[in-house]
Amino acid sequence: MRLGSGAFAASCVAIEVIGVAIFIRGFFPAPVRSSARPEHDAETPAPEPVAGVRSNWTKLPPPLFSKVVIVLIDALRDDFVFGSKGVKYMPYTTYLVEKGASHSFVAEAKPPTVTMPRIKALMTGSLPGFVDVIRNLNSPVLLEDNVLRQAKAAGKRIIFYGDETWVKLFPKHFVEYDGTTSFFVSDYIEVDKNVTRHLDKVLKRGDWDVLILHYLGLDHIGHISGPNSPLIGHKLSEMDSVLMKIHTSLLSKDRETLLPSLLVLCGDHGMSETGSHGASSTEEVSTPLLLISSAFERKPGDIRHPKHVQQTDLAATLAIGLGLPIPKDSVGSLLFPVIEGKPMREQLRFLHLNTLQLSKLLQENVPSYEKDPGFEQFKMAEKLHGNWVKLHLEENHSDILLGLGTKVLRHYLGALKTLSLSLSTQVAQYDMYSMAVGTLIVLEVLALFLLSTPHVLCRKAELDVPLLSPVFSLLFYLVFLVLSAIHVLVCTSSESSCYLCSLSWLAVGAVMLLVSALFCAILSALIRMVIDSTLLKKNAADASSGWSEVNLLLLLGTVGHVLSLGASSFVEEEHQTWYFLINTLCLALSQETCRSYFLGDECEPQRHSHVEQQCVNLLACPLQDSTSYNTPESGTAGKRVSLLEAQGSCKWWTVLASPWLVLLCCRLLRSLNQTGVQGAHRPDFSHWLTSSDHKVQLSGLAALSLVVIFMLVQRRCSLVSKVALALGLLGVFCYRAAIGIVQFPWQSDNKGISKGIIEARFVYVFVLGILFTGTKDLLKAQVIATDFKTKTVGLWEMHSGLVLLAALLLRPHNLPVLAFSLLIQTVMTKFIWKPLRHDAAEITVMHYWFGQAFFYFQGNSNNIATIDISAGFVGLDTYMEVPATFLTVFGTYVGPVLWASHLVYFLSSEGNNSALSRSCFCYALICSVPVATYIVLVTSLRYHLFIWSVFSPKLLYEGMHLLITAAICAVFTATNQTRHRRA
Amino acid sequence: MKDTDIKRLLYTNLLCVFSIFLSIFIPSFFVDNFSVLEAHLTWLCICSASVTTVNLLSYLVVKPNVSSKRSSLSHKVTRALKCCVCFLMSCFLLHIIFVLYGAPLIELVLETFLFAVVLSTFTTVPCLCLLGPNLKAWLRVFSRNGVTSIWENSLQITTISSFTGAWLGAFPIPLDWERPWQVWPISCTLGATFGYVAGLVISPLWIYWNRKQLTYKNN
């Protein structure tokens, strides 16, 4: 069976999309979340269990503490407090730990050990996962149930001083706050003085209930000079004096109130031996947790050692201590020593509330919750608790009551521990089987691509696919049986939930069929390569001699970009990589144009005539004076000038200047939208244009861009399409004017703002009209095989329709991006690709690079927050999922799509039969290599510090980009099919 | 080709390397707390001046290019002025290229221009010393198979390695290690300097290693 390389590439990319989908489904774990909504804040707490009758205690227990002060020292490690450094630099704290009225713990923080997820863990008791980011759409506001929200709802007054991350996470929660920025790591003095300066004033007043202080200086010192720096000692002494001041003030106030106060000293994460944090080493996840209160007075001789707990346990403890409901998503356990001094009935009540909350969470997230040992233990404890209350209400004071109470306590504590562990492991698990199957499919497709590359690029553009060979049929069935056996074995033996195991047998059979077929195809390609080894050597020799600088740059740039995906900073700043590659490409093209026009070819006959003329001049030289030696040189210069004029001086200058013009356009565009993490705080033109003071400038720029777009696109359209394009672009401006972003010159600001639905649909009509005209021309070219120009015009009209749709969906300040994209396409086509005669592979890679660069020129990044959701609402009065999804995806990927459609048009207009097929193959290959490599990288880095904040959004982007690539390859194949039939 | 020529080339290049090291260490005797990173602009000026001086002196002493038969003073002055104009044009051209690559247009103008001066010192000054302000000679040397002597071959290697070093020096800028050398243009100037030094060291060894295969038109 003979298959075109375009069809082959499109099929492979479609299979790869399936593999990536399976991988992504296995990579993102299902979240452990409560299904109850925040509006149920008024939910009544569960009553106390009593055997036989209903209890009269249906309210929450009263609070244990009147005031709570939380001193959060960033990057505080457990040995800074409990180790030798604590003894040396924190004497007051050490006294409290060893002899004072306190309980000390070593709280373990789960990765990623960076501040924002840790603050969430401390306040919600849950383990923040990446799916939360999708749910929140990367909003910094914490939407989950948390202690501070409960405290605010209960009317408690909260004051905050410290890291401004809290102000973003908990907006409008604080009656008084002062945030310090954590951006300047070099500041470790002022950042803490700004927190401490409020202390005297606040401690004297008594009008607050919760005071939170977040000190950043220790973390900054760690980043600067590491945990063994002498600055650490000074900072710990400073923190110790702060703690002493707070504790002394609280003690003096405790004498005046009935309830004692609670002082919490904790760290959000530790620090490694290099002073950094974010990973999962022991030094980074171990934080001290010190609870100080006069309620924890010690008996003489009572020695307390720090116990190991989880950081998520603080939320439940604070909720109980303040008399609040435990947050719904908390997986933490109550710190039992806090309530150990309370009467037995209250202790059991607290434990019951905590365990009940955890069991509800388990019921909602684990289908087989009844088999969980923690759940069984909870049921038994609850039953015993009811018996105990019944005995207690009968005023029985026997030893049976005391013994039964102790037994119930043990059961509750055991259930808490087991339930908390079950819920924690639920979050951290990856579906390794689905990830393995997805990775296998993707790597098989990549291997098939790489094995087919020499065959497609060096020889004809078609592939022989031997499907009916008996040996391969036997191998196919054997591999299929082996894979099915592996599947049955994995699904029956694994206890965790697996996505592939939950699929139907038909779907799994199809996946295994696919894997087997790919394996056989790889083997056949490998065998053919071995058979053709001599031919490959010849081709390698030809290819090595044919490598030019541009070819080498395109290859090294692609490899370099793929390798850079392994670094989190390069993923965050991937736009810099693409800008850098585009700039280097322009300089390489400039060098190539200079060389082709200045040096020419050494085999030129004019060089020969030049040598002859040199000889003639040398013969005449003895007869003249030495001052006339310059005459041959000036003659040569005159000849060169005349030679250049013969080639057309105007074209000569434009060819030399066009790479620099492209460079200038790219430089202007990168100032338009500032994207990425490092430059997020810098101003850019789009912010300036979209502010309300510069509406006139925005209107002028948008109108000018639309005119430029029309001038660049209309020259190859038919007359009907020209009129439709002009009216469509006018409709785009009217739509933006209707929704109030731009304005007409004669229009006043008082005009009413509408949704612009009529104007948008007006443009949609023209978009569909142009696309229909283009499709009609393509079908006509298919019927009339000799009409070559009709096909070219049809493809250009398809491109024009996409341009018009892009103009409608892009924001007005991004219309220059579209105009510059079309300008660069025109300049490159006219002055670089046609004169220099690049081949299809080079042109494809250049188009791909420019498509990626324009994706980022638009303001996109590898952050989900930069997706422009508003594109999905253009022309729709209600939310419709399918059109909104399509419009949002198209609006995001305008750059790659427009450059791909231009690539199809350009290669079709060149008239080469195999160029389009080879180009489709190259496009699929260059899109598949990053995806396959990135999947392997993400699998190996799945416990990396930034796996959820940096690598996971990029994985979603790669999957979506691969889906778009599959659609583009399908269009390539359809266009090539018409060409094939004509031939 | 003689081994003595390669040795002279090696000594000349090692002298350039030595001048760069001197520009790092000598100012620390005169200025307290001098550092390449903290006083980067000062170091750029010193490095540029020392490399230019050593290039001029070495080419005057060794004289690898003896093709000029005119020894009149006006001709020499005209030639020197042309060289200076070429150098300045090279600095401005590199500055424009850096801005097009993404360097800030308004901020850090002095830093960007000094980086252009240093890179011109590593690339344009040796070209001017060896080839003069003759554009045709430049194009001949930097085209494929265009060199005619070991000096031009060394010039080709050092120029390419300087540009490559500056190009590779841009890679740490997006990383978030927050090191003091990771800002524009320090990482690029350090990359260019390392590239230049590497080219100076590698080119005599490479020419010596391939001296049998290398055949020049004039020999």
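A, B, ... follow the sequence lines: proteins, then strands. Residue 1 opens every chain. Computed from heavy atoms alone, side chains included, the values below leave out hydrogens, waters and symmetry copies.
Neither the backbone nor the side chain of A:Ile582 comes within contact range of chain B; no heavy atom of the residue lies under 4.5 Å from a heavy atom of that chain. With a 4.5 Å cut-off on non-hydrogen atoms, B:Ile97 touches chain A through its side chain but not through its backbone.
Here the closest non-hydrogen pair linking B:Leu100 and A:Leu664 is CD2-CA, 3.7 Å. Closest non-hydrogen pair, B:Pro104 versus A:Arg667, comes out as CA-NH2, 3.9 Å. Residues A:Ser569 and B:Pro174 share a closest heavy-atom pair of CB-O, 3.6 Å.
Formation of a donor-acceptor pair under 3.5 Å by the B:Tyr101 side chain with backbone atoms of A:Thr584 is found in this model.
Applying the 6.0 Å contact sphere to CZ of B:Phe194 captures no more than 12 heavy atoms from other residues, nucleotides or ligands.
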